[in-house]
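Right, one structure below, let's go through it.
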Amino acid sequence: MGFTIGGTRILSGSRRRGARATECTVVAEYTGLWGWDVVPGARAASGRCSCGDPACPAPGAHPLDFAGEVPAGSTLDAVASVWSQFPGAALLLPVGRTFDVLEVAETAGRRALVRLERMGIPLGPVCATPTGRAQFFVAPGAAAELPRLLYRMGWDDADLDLRCLGPGAHITAPPSDHAGLGPCRWLRPPSLDAGSPPQARLLLGTLAYICHRSGM
């Protein structure tokens with residue numbers, strides 16, 4: 001399977017990855033195929049951040065302040081023009097635009113993913129970080145609705161290892177390194193068949209229950 005950007009045929013999926021695609025090709029897939037904005041991000045090595053700030057509070061885990069984002073729909077040429085200025089930059093996705101993110105511990109996330117798939121719940125992409133977190137893409141607006149949803153489901157008083165990322169947040173996109181700790185990876189990659197990210201309420205009950213059981 002593939003797609004065309006600026007007259008160039010781009011292979012997606014395992015064939016493209018096996019061909020050791022360039023960073024620009026990966027960014028072009030995110031912007032052109034999935035409709036996501038992409039932001040060049042800092043990288044970290046030995047605890048030091050490429051942003052140049054020796055006191056950086058989040059080494060290798062934030063956008064580069066001096067770099068412009070690559071908007072959704074950008075052509076491969078446009079991507080190359082931006083990314084060539086920041087070779088080796090991490091791929092960051094702004095949250096709160098086309099998706100919010102429900103984040104739980106990876107162990108709980110893997111268990112929930114299996115259960116949700118068996119239940120036939122529509123799912124969007126799910127990403128795993130080297131810090132042991134699973135990130136479920138859901139429809140935008142979830143971060144603002146989370147307290148109300150947890151209250152309605154009876155989980156508002158529970159001590160859950162669950163949070164929702166919304167506008168202003170960024171996540172590191174596979175296959176980029178996160179904070180010098182290793183690459184992020186897809187537990188469930190984006191798919192043309194998936195459509196828009198699901199409403200958070202469809203996943204939240206299962207995620208909350210498994211987080212609660214995992215913490216007992």
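Residues take their numbers from the sequence shown, with the count starting at 1.
The main-chain N or O of V104 is never found under 3.5 Å from a side-chain atom of D161 such that the two would form a donor-acceptor pair. A side-chain donor-acceptor contact under 3.5 Å links S50 to the backbone of R43. Remark: the backbone N or O of D77 is not paired with any side-chain donor or acceptor of S81 at under 3.5 angstrom. In terms of modelled atom types and a separation under 3.5 Å, the side chain of D100 and the main chain of G166 share no donor-acceptor contact. Of the possible polar contacts, none joining the S74 side chain to the V70 backbone as a donor-acceptor pair under 3.5 Å is found. Checked by atom type and distance alone, the side chain of S176 pairs as donor or acceptor with a backbone atom of L91 at under 3.5 Å. Panel note: side chain S46, backbone R48; no donor-acceptor pair is recorded below 3.5 Å. Put simply, the side chain of E23 gets close to the backbone of G88: a donor and an acceptor are under 3.5 Å apart.
The only member of L165, L207, L162, I171 that meets side chain to side chain contact (heavy atoms under 4.5 Å, CB included) when paired with E103 is L165. Screening W36, F99, F136 for a side chain to side chain contact (heavy atoms under 4.5 Å, CB included) involving P125 leaves a single residue, W36.
Counting only heavy atoms from C-beta outward, the side chains of V79 and T75 never approach each other to under 4.5 Å. The side-chain heavy atoms of C51 and D65, taken from C-beta on, include no pair separated by under 4.5 Å. Proximity of Q135 to V126: side-chain heavy atoms (C-beta onward) are nowhere separated by under 4.5 Å. At least one side-chain heavy atom of L146 sits less than 4.5 Å from a side-chain heavy atom of L204. P198 has its side chain within reach of L203: a pair of non-hydrogen atoms, C-beta onward, lies under 4.5 Å apart. Counting heavy atoms from C-beta on, the side chains of T129 and T172 never come closer than 4.5 Å. Taking 4.5 Å as the limit, every side-chain heavy atom of C184 sits out of range of all side-chain heavy atoms of P175. You'll find the side chain of T131 reaches within 4.5 Å of the side chain of H178, heavy atoms only.
No chain of hydrophobic side-chain contacts below 4.5 Å, direct or via other Ile, Leu, Val, Met, Phe, Trp or Tyr residues, connects V39 to V82. Linking Ile, Leu, Val, Met, Phe, Trp and Tyr whenever their side-chain heavy atoms come within less than 4.5 Å puts L149 and L123 in one cluster. Hydrophobic clustering (ILVMFWY, side-chain heavy atoms < 4.5 Å, transitive): M153 and L202 are in one cluster.
For W34 and F137, the distance between ring centers is not under 6.0 angstrom.
Salt-bridge check for R133 with E106: failed, with every basic side-chain N at 4.0 Å or more from each acidic carboxylate O. Salt-bridge check for R152 with E145: failed, with every basic side-chain N at 4.0 Å or more from each acidic carboxylate O.
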Pair up each side-chain donor or acceptor in residues 112-121 with any protein partner under 3.5 Å, not counting sequence neighbours, and list the distances.
| residue | atom | partner | partner atom | Å |
| --- | --- | --- | --- | --- |
| E117 | OE2 | R188 | NH1 | 2.9 |

